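Here is the structure we will look at, set down as structure tokens.
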Amino acid sequence: MPHDTPLVTTIAAALGSAWVLGVLARRIGLSPIVGYLLAGVAIGPHTPGFVGDVSLAAQLAEIGVVLLMFGVGLHFQFRDLLAVKGIAIPGALLQSGVSTLLGLAIGLAFGWPVASGLVLGMALAVASTVVLMRVLEDRQLLATTHGHAAVGWLLVEDVLTVAILVVIPALAGAAGADPASASRGLVASLGVAMVKLAALVALVVFAGSRVVPRMLELAARLRSRELFTLTVPAIAVTVAAGSAHFFGASMALGAFLAGMVVGQSPVSQQAAADALPLRDAFAVLFFVSVGMLFYPGFLLREPTLVLAALAVVLVGKPLVALGVVAALGYPARTGLVAALGLAQVGEFSFILGGLAQDHGLLPAAGYNVVVACAIVSISINPYLFRWLDPLEAAARRKPWLWRLLNARAERRGGGVNAGSALAIEGRSGPLAIVVGYGPVGRTVDRLIRGAGVDTVVIDLNLETVGALAGEGRLALYGDASHPDILKKAGIARASHLVITLPHSLNRGPMITAARQVNPSCRILVRARYLRERAELELAGADLACFEEAEAAAALAERLLRDLGHDETSVRREGERIRREFAEGA
């Protein structure tokens, strides 16, 4: 006797089709998210063949939203934003504001209500942090100051999205009334919403910070992996559902707050590791459900609307980002990375659009536009990043454009560099140059100065360079791969050049430029993989320190000490491991 199991068949079809299309998308260089969205289109009601249960998929997607937002809260750290607050906060606020106005203009042009146009603009303003980080990692930009700025920018947008989730119900309550009544209603609704939000935050953050860590620690002490794994989604879903039922907040907001609380627990790393597979599985169902709601024929029925929205995403947002970065006095490359990173929309756009649609603020056409923009923009975003270097080179070839993009940054950097350059010329003793002032750079710098040698720090973080210069240290702002920066740093008489950046596409030119000016300078390079050895030696590096070899040696040494081996045998084994890696490279 056949069983009616729409839940099982819908999940099977969603995961199976998502796997197939996700693999195909990845094989051709696209984000798997594109494959998941297309899988939803394939099993949705608007295409022939098997049709999944849309209502069940929507409920599964709600769990996906909860776990996605819980993961964001779990990894959210205010210190990450503080490090790039000078560019991330004003940049995200201005770009989101302009994008919202552009969305409003599109909505009004197509006869939508003001509230619908505003929501469309808000949804188009948000970019996917997941997509950006994947592309930055592939392009070896994630560990750079430009990558940090772009990721911080998108984190601020994520926080703004959380705030907008609070505003949407209030906006829905005021929609449709006359302007005066709408204004009063909106203010009143926002007031009530803020009171509820304050109560929710107080309960979750303050009370939850006492209860939740104890729950996790109790589960950890019981030494049951199943119980611990169960505890994490139980907290996320329970807090999210309670937020919606008792406070009228969105489940996404409740999940975000729950993630922040769990993130403060001593066992947060294990909680994150256990929640990741479950989050990823339901996130796939979330993207599939979004695709199921998309009507492909909409592209043919409303091509002008789709093209207008894509223009906001692919042209408007990047141009605003370039302008904001230039006005704030950051380098053109930072502006290009931020601009390309913002040229897409992602998962939070769906969350925002879905909530707005539930409250009657966004028509079906608006949701279709958001999904269409996501599919197109996420698909082409990795290819856009391939134009990063050619775009920067093209801007350099046009002096007026380069001045426009880089003038304020050069003025800020020139003001800091002027004093340091004079001080460097006035020093006659031994000199070493340290490129990069992260944790490794700071350690190297301290050791060199401890040996009685003056150091010149070169870094692309203007705040860091300014702080060092304020302390009377020798520090220059700029890209060390440019010969003029190395010459200002005193490369002609430097005894050592130490490059502490783990990933840099410009390390080769930097080493070559230094070697041409000062053949006797000792050049030491930090690298991540042994396969980079030949390239670095060909460029002229004297010594390279490879992270994967050092990690293997350090783990072996610690293990041997833990097993009671004497220090001589520990050192001997560490040296042997390093030699093996060096010979096998």
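As the structure is a prediction and not an experimental result, all values here were calculated from the model.
A 4.5 Å side-chain heavy-atom check between E392 and W387 finds every atom pair outside the cut-off. Contact annotation: the side chain of L474 never approaches that of V457 to less than 4.5 Å [non-hydrogen atoms, C-beta and beyond]. Proximity of V434 to V456: side-chain heavy atoms (C-beta onward) are nowhere separated by under 4.5 Å. Side chains of L476 and V465 form no contact here, defined as non-hydrogen atoms less than 4.5 Å apart. Considering only heavy atoms from C-beta on, F110 stays 4.5 Å or farther from V369 through its side chain. Proximity of T334 to I87: side-chain heavy atoms (C-beta onward) are separated by under 4.5 Å at one or more points.
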If you look only at distance, which donor and acceptor atoms sit under 3.5 Å apart when one is on a side chain in residues 310-330 and the other is two or more places apart or in another chain?
residue	atom	partner	partner atom	Å
K317	NZ	L124	O	2.8
K317	NZ	A125	O	3.4
K317	NZ	L342	O	2.9
K317	NZ	Q344	O	3.1
Y330	OH	E463	OE2	2.9

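When every heavy atom of L501 is checked against every heavy atom of G436, the shortest pair comes out as CD2-CA, 3.8 Å. S379 and P382 make their closest contact through O-CD, 3.7 Å (heavy atoms, listed as atom of the first residue, atom of the second, distance). When all heavy atoms are compared, the tightest approach of L486 to A513 is CD1-CB, 4.1 Å. The shortest heavy-atom contact between W402 and A332 is CZ3-CB, 3.6 Å. Taking each heavy atom of L362 and S116 in turn, the nearest pair found is CD1-O, 3.9 Å. Minimum heavy-atom separation, G91 to W153: O-CZ2, 3.2 Å.
Remark: L120 CG to I106 CD1 distance equals 6.0 Å, nearest 0.5 Å. The distance from the CG atom of L388 to the CG atom of L336 is 6.0 Å, given to the nearest 0.5 Å. Interatomic distance, CG of L352 versus CD of Q357, reported as 12.0 Å (0.5 Å rounding). I89 CD1 to E157 CD: the interatomic distance, rounded to the nearest 0.5 Å, is 12.5 Å. To the nearest 0.5 Å, atom CD1 of residue I458 and atom NZ of residue K488 are 10.5 Å apart. Rounded to the nearest 0.5 angstrom, N417 CG and Y477 OH are separated by 9.0 Å.
Listed for the S377 side chain is a donor-acceptor partner under 3.5 Å among the backbone atoms of V345. Judged purely by atom type and a 3.5 angstrom limit, S349 uses its side chain to pair as donor or acceptor with the backbone of V126. A donor-acceptor pair is defined here as one N or O able to donate and one able to accept, closer than 3.5 Å; no such pair exists between the side chain of N381 and the backbone of V135. Side-chain atoms of R526 come within 3.5 Å of backbone atoms of T500 as a donor-acceptor pair (strictly under, hydrogens ignored).
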- [ ] Could you walk me through whether R473 and R449 pass the side-chain contact (heavy atoms from CB on, under 4.5 Å) test, one step at a time?
- [x] CA-CA 11 Å; R473 299 281 309 283; R449 288 189 296 114; 3.3 Å; yes
- [ ] Applying side-chain contact (heavy atoms from CB on, under 4.5 Å), run through N406 and R396 and close with a yes or a no.
- [x] CA-CA 10 Å; N406 228 41; R396 287 180 182 275; over 6 Å; no
- [ ] With side chain to side chain donor-acceptor pair (under 3.5 Å) as the test, would you mind laying out the steps for D445 and T455 before giving the verdict?
- [x] CA-CA 7 Å; D445 177 73; T455 60; 2.5 Å; yes
Open item on the list: What verdict does the side-chain contact (heavy atoms from CB on, under 4.5 Å) test give for L132 and F385, after you've listed the backbone C-alpha separation in whole Å, the side-chain angles of each residue and the deciding distance to 0.1 Å?
Closed with: CA-CA 10 Å; L132 173 68; F385 265 90; 4.2 Å; yes
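The list of side-chain hydrogen bond (donor to acceptor under 3.5 Å, both in side chains) pairs with a residue in residues 93-115, not counting sequence neighbours, reads Q95-S99.
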